[in-house]
Number of protein chains: 2
Amino acid sequence: MTALHGPRVTIKDVAARAGVSKGAVSLAFNHKPGLSEATRDRIFRAARELGWAPSLTARSLAGARVDVVGLAICRPARMLGLEPFYMEFVSGVESVLTEHSSSLLLRLVKNLDEEAGLLESWWKGRQIGGSILVDFREDDPRVPVAEPLGLPVVAVGHPSLTGSLTSVWTDDTTAVGEAVRYLAALGHRRIARVGGAAALGHTVLRTAAFDEAAKALGLAGAWQVATDFSGEAGARATRSLLTAAPADRPTAIVYDNDIMAVAGLSVAAEMGLKVPEDVSLLAWDDSQLCRLTHPTLSAMSHDVHGFGAEVARTLFGVISGDGTGSHPVPTPVLTPRGSTAPPSR
Amino acid sequence: MTALHGPRVTIKDVAARAGVSKGAVSLAFNHKPGLSEATRDRIFRAARELGWAPSLTARSLAGARVDVVGLAICRPARMLGLEPFYMEFVSGVESVLTEHSSSLLLRLVKNLDEEAGLLESWWKGRQIGGSILVDFREDDPRVPVAEPLGLPVVAVGHPSLTGSLTSVWTDDTTAVGEAVRYLAALGHRRIARVGGAAALGHTVLRTAAFDEAAKALGLAGAWQVATDFSGEAGARATRSLLTAAPADRPTAIVYDNDIMAVAGLSVAAEMGLKVPEDVSLLAWDDSQLCRLTHPTLSAMSHDVHGFGAEVARTLFGVISGDGTGSHPVPTPVLTPRGSTAPPSR
DNA sequence: GATAGGGACTTTACCGGTTAAGAAAGCGCT
DNA sequence: AGCGCTTTCTTAACCGGTAAAGTCCCTATC
């Protein structure tokens with residue numbers, strides 16, 4: 001019978017067993033000079049025999065940096081599950097954190113004010129050494145909170161939204177333009193966009209970019225619908241776009257994520273419309289999901305995993321004092337698949 | 001110009017400003033008796049004015065419990081993004097953590113030995129107060145590690161896999177039986193199952209349950225394929241099952257998750273087979289995705305969010321010393337939708 | 001009027017590390 | 001022999017809290 005919450009072995013036990021002082025053990029474990037090889041070995045052996053690992057809690061109390069990165073996500077749980085984006089993003093972040101032997105502190109919050117409060121208490125409570133901020137909106141409440149705290153953060157979003165914070169962002173404006181120009185080049189003159197949550201900053205930017213592109217190309221019709229990113233909302237939006245008379249309805253639809261595009265595909269099928277003959281669909285983000293449908297979904301692809309990794313790298317830069325500013329990552333590129341084609345006459 | 005990493009305000013500053021000792025501040029913030037209302041107020045006011053929050057790091061060093069729960073997930077990142085299961089599970093866990101003002105420490109690991117090591121260092125480093133263990137397999141290396149550490153854990157998996165650890169589990173055996181009986185009742189005699197990763201304990205259980213149900217019902221044909229849970233693998237498996245001669249191929253397929261069922265649906269379409277007329281498909285888990293396809297996917301549904309919540313509740317039970325043992329949660333139930341029907345003669 | 005009891009705080013000793021300053025030993029050099 | 005310089009360790013003071021024990025004062029009791 002082992003004691004369930006038995007006394008844990010501490011640096012003192014290791015020091016005693018190795019016949020040195022606590023200080024010496026600390027020096028050894030932080031690879032600092034001032035110890036002979038022999039002593040170092042003895043200390044490590046003692047630690048191994050006792051199964052000791054330094055308490056990160058105590059270590060960070062004593063002034064060392066905290067090896068934990070915060071990430072609060074503010075979207076209804078129901079939607080999160082479906083969005084392949086986040087898990088892929090997180091896995092990219094993790095891949096870099098692991099190299100720095102840091103961990104990710106994750107929290108789902110209901111609104112941005114809660115998130116702002118959370119950031120403050122995480123930071124003041126010395127729970128995190130820095131944080132990643134996602135889903136920026138206009139006049140984001142996190143900007144005025146994070147800045148004066150001195151909390152190292154990386155904001156995922158266009159610099160116009162993130163104020164003075166260090167930011168990592170994709171050029172959605174250019175990407176939306178490319179998407180629209182591609183569809184127009186195929187011959188589409190009536191194009192719709194099923195956008196994300198209107199409150200989100202990048203939705204605003206994409207909406208403006210879509211308008212601009214439509215105007216520049218002199219499209220005959222250009223619709224935009226805001227949704228909450230959910231598949232249901234995508235289905236609803238698609239249904240309402242496609243119920244118009246054939247001569248008036250869009251012949252191509254751009255979606256703001258993959259899920260809604262999948263939903264759109266099944267709405268088209270349900271309405272007896274053929275993709276891409278009757279209507280072309282273009283997804284966004286390009287997760288695996290786009291290759292699992294029939295027809296496969298054309299998409300604006302970007303490397304979400306790499307995006308997350310870049311964000312994490314940038315955060316470590318901020319924490320160590322250098323590398324602030326604005327960091328663009330590659331613009332999403334068009335990956336044509338089976339769901340886009342010239343409109344049938 | 002604010003000092004970026006300026007000196008943080010500590011309990012001492014608050015004490016000084018309120019004109020009391022550190023001890024008094026500690027008493028006030030932990031709602032312990034021994035202070036007058038007036039003093040309590042003064043302390044809280046001082047804290048508010050200084051924007052102080054107690055350092056959880058220091059607090060947990062001083063012996064208080066750690067309000068962080070660990071979760072390591074051991075699946076390739078590529079697959080994680082797609083699996084709606086995890087995010088939904090995590091959001092369920094979070095919903096309970098929030099009530100206890102705890103956070104989730106998340107880490108993606110490459111293998112279970114890495115995870116076992118991580119648990120040890122998290123626990124010894126006082127990073128976590130307990131942990132959730134998922135994806136159990138037979139002779140799981142985490143069982144012998146977690147037990148002697150005295151680390152409070154909840155194992156998500158059947159008790160036969162989790163040894164002496166407290167477990168929360170769904171009765172997959174019964175659910176698989178129900179799925180097979182349902183399809184048989186519709187008239188299917190040749191049924192296939194596209195299973196998950198063979199190494200996973202619950203896959204083993206489901207495989208055995210499928211065999212048993214098939215035998216009990218005297219099915220004419222019963223196939224099982226192991227995959228890695230990815231959509232591509234699901235598509236491959238479906239393709240190979242459906243390429244047999246019409247008289248020999250399965251008329252119904254059960255999948256171990258939603259993604260593979262979606263992939264199966266598109267493979268059927270690509271091969272010119274109608275669902276459910278030519279082949280019935282039954283998904284597992286029942287995320288939103290099942291309602292976004294055409295036809296909609298029948299599925300074995302369970303409340304993944306609630307599952308996560310129950311796991312978290314159980315973990316808090318273990319941490320506080322009571323509530324160990326085995327905790328079954330409701331068995332997945334069949335939700336018939338558009339992808340299952342009697343086989344056409 | 002001495003004393004016990006209790007409320008309201010303060011003191012002080014940790015928790016498990018880090019780190020600056022100090023001390024002992026060994027070495028080369030004049 | 002005496003001096004300074006390293007190298008190798010030890011000591012002790014923190015970090016920011018918690019909690020047990022101690023102090024002080026005020027009131028009730030016989």
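The sequence lines fix the lettering, A, B, ..., with proteins before strands; numbering per chain opens at 1. Everything numeric in this text was worked out from a predicted model, so none of it was measured.
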**Over 12 non-hydrogen atoms of neighbours within 6.0 angstrom of CG in Asp139(A)** = no

**Message:** So for atom CD, which belongs to Glu138(B), do other residues, nucleotides or ligands contribute more than 12 heavy atoms lying within a distance under 6.0 Å?
**Reply:** no

Would you find a donor on one side and an acceptor on the other, under 3.5 Å apart, between the side chain of [X] and the backbone of [Y]?
X         : Y         : answer
Asp140(B) : Arg142(B) : yes
Asn111(A) : Asp113(A) : yes
Trp122(A) : Gly70(A)  : no
Arg42(B)  : Ala18(B)  : yes
Ser101(A) : Thr98(A)  : no
Asp13(B)  : Thr10(B)  : yes

**Prompt:** Is any side-chain heavy atom of Leu200(B) less than 4.5 Å from a side-chain heavy atom of Arg75(B)?
**Reply:** yes

**Message:** Using a heavy-atom cut-off of 4.0 Å across all strands, would you classify Val20(A) as base, sugar-phosphate, or nothing?
**Reply:** sugar-phosphate

**Complete:** Between CG of Leu50(B) and C1' of dG16(D) the distance, given in whole Å, is 15 Å

**Asked** Axis-to-axis angle across the helix from dG1(C)-dC30(D) to dT30(C)-dA1(D), five pairs an end, to 10 degrees?
**Response** 60°

**Prompt:** Can you check whether Ser55(B) has a side-chain N or O nearer than 4.0 Å to OP1 or OP2 of dG16(D)?
**Reply:** no

Check nucleotides 12-15 of chain D for protein N or O atoms closer than 3.5 Å to its own N or O atoms and list the pairs.
none

**Fill in**
chain A vs DNA chain C, heavy-atom contacts under 4.0 Å, first-to-last nucleotide span, 5' to 3', is dG16(C) to dT19(C)

**Prompt:** Centres of the Phe29(A) and Trp52(A) rings: under 6.0 Å?
**Reply:** yes

**Fill in**
So, with a heavy-atom separation below 4.0 Å from DNA chain C, the residues of residues 29-43 of chain A are Asn30(A), Lys32(A)

**Complete:** By nearest-nucleotide position on DNA chain C, the 5'-leaning member of Pro54(A) and Ser21(B) is Ser21(B)

**Asked** Just one of Leu315(A), Leu106(A), Ile128(A), Val153(A) clears the side-chain contact (heavy atoms from CB on, under 4.5 Å) bar with Val69(A), so which one?
**Response** Leu315(A)

**Set of side chain to side chain contact (heavy atoms under 4.5 Å, CB included) partners for Arg126(A), sequence neighbours left out** = Arg8(B), Ser55(B), Thr57(B)

**Request:** Mind jotting down which residue pairs meet the ring pair (Phe, Tyr, Trp, His ring centres under 6.0 Å) criterion with at least one end in residues 94-120 of chain B? Sequence neighbours excluded, please.
**Result:** His100(B)-Phe316(B)

